[in-house]
Amino acid sequence: PDMLRYSARNSKLKKTEKEWSYHHERIRLWSFNLPALGVCPGAGACASFCYALQGNFVRHGVLEVRASNYALLWELHDRGVKSPGRASHDLVTMALSRMLDRAAAETPKGRKPWFRVHDSGDFFAPWYMRAWREAINRCPHDTRAYAYTKAIPALNQGVVSTPRLHIVQSVGGIYDNRINT
């Protein structure tokens with residue numbers, strides 16, 4: 001289908017959902033993913049032991065969904081670049097917004113939708129990071145997202161966390177010396 005696909009949380013994220021719901025507010029945690037190393041421009045030492053290259057992460061169906069998401073992001077970006085009067089990431093932002101709306105509609109009553117952005121993959125371009133920030137901030141519902149990233153240069157270009165999208169700078173990459181502490 002011509003839409004971005006998200007998934008139910010894995011066992012680790014189920015624990016995160018349970019802990020957060022116990023200590024704070026009740027949430028439903030979804031995840032959005034891209035291919036592992038090929039879409040991690042900041043990967044460094046972590047590449048040799050990347051958990052997203054083993055176990056269930058390497059099943060054909062899982063790999064297919066992640067590759068499809070990545071291809072669609074680039075297709076939408078390229079279409080946006082060719083559209084007069086449109087920012088290169090506008091179509092990506094719209095697709096992410098639709099995906100977030102679908103997840104919010106599937107979130108059980110009494111829970112708030114949350115997204116883990118990238119169990120595998122990373123923010124591979126500044127326009128993609130901006131699209132996530134804009135999409136999550138446009139949501140009319142109380143959707144939140146968080147991500148760990150090694151894409152420190154994109155963060156240093158002014159794409160920062162917001163109250164609805166929390167981005168954590170992650171060590172183990174080639175840009176560790178540029179992490180803001």
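Positions are given from 1 along the sequence.
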Mind checking the [atom1]-[atom2] spacing from [X] to [Y]? Nearest 0.5 Å is all I need.
| X | Y | atom1 | atom2 | value |
| --- | --- | --- | --- | --- |
| F123 | H118 | CZ | NE2 | 5.0 Å |
| S120 | L63 | OG | CG | 8.5 Å |
| D142 | K112 | CG | NZ | 4.0 Å |
| L96 | R138 | CG | CZ | 10.0 Å |
| I136 | L100 | CD1 | CG | 4.5 Å |
| C40 | F124 | SG | CZ | 11.0 Å |

Would you call [X] and [Y] a side-chain contact if the rule is heavy atoms closer than 4.5 Å?
| X | Y | answer |
| --- | --- | --- |
| W20 | E25 | yes |
| E17 | R111 | yes |
| V168 | H166 | yes |
| E19 | H23 | yes |

If hydrophobic clusters are built from ILVMFWY residues whose side chains come within less than 4.5 Å, do [X] and [Y] share one?
| X | Y | answer |
| --- | --- | --- |
| Y148 | I152 | no |
| L4 | Y70 | yes |
| M94 | F32 | yes |
| L165 | V92 | yes |

I'd like to know if the side chain of [X] and the backbone of [Y] have a donor-acceptor N/O pair within less than 3.5 Å.
| X | Y | result |
| --- | --- | --- |
| S21 | I27 | yes |
| D176 | G173 | yes |
| E134 | T93 | no |
| N69 | N33 | yes |

Taking all non-hydrogen atoms of both residues into account, name the closest pair between [X] and [Y] and its distance.
| X | Y | answer |
| --- | --- | --- |
| P153 | R178 | CG-NH1, 3.7 Å |
| P41 | Y175 | O-CE1, 4.1 Å |
| V117 | A145 | CG2-CB, 3.9 Å |
| R28 | T107 | CB-CG2, 3.5 Å |
| S31 | A8 | OG-O, 4.2 Å |
| R102 | M3 | CZ-SD, 3.5 Å |

Verify the ring-centre separation between [Y] and [X]: is it less than 6.0 angstrom?
| X | Y | value |
| --- | --- | --- |
| Y128 | H77 | no |
| W127 | W74 | yes |
| F115 | Y146 | no |

Taking atom types as modelled, find out whether T149 and S170 have a side-chain donor-acceptor pair closer than 3.5 angstrom. no

Would you say the side chains of R164 and T143 form a donor-acceptor pair under 3.5 Å? no

Tell me which one of D122, L73, V65 satisfies side-chain contact (heavy atoms from CB on, under 4.5 Å) with L34. L73

Apart from Y22 itself, which Ile, Leu, Val, Met, Phe, Trp or Tyr residues share its cluster (side-chain heavy atoms under 4.5 Å, direct or through members)? none

Would you call the rings of Y6 and W30 parallel, tilted or perpendicular, taking 30° and 60° as the class edges? perpendicular

The salt bridge (Lys or Arg N to Asp or Glu O under 4.0 Å) partners of K150 (sequence neighbours excluded) come to none

Would you sort out whether T16 and K18 count as a side chain to side chain contact (heavy atoms under 4.5 Å, CB included), showing the intermediate values? CA-CA 5 Å; T16 300; K18 184 177 178 180; over 6 Å; no

With the threshold set at 4.0 Å, does a side-chain nitrogen-carboxylate oxygen contact exist between E75 and R79? yes

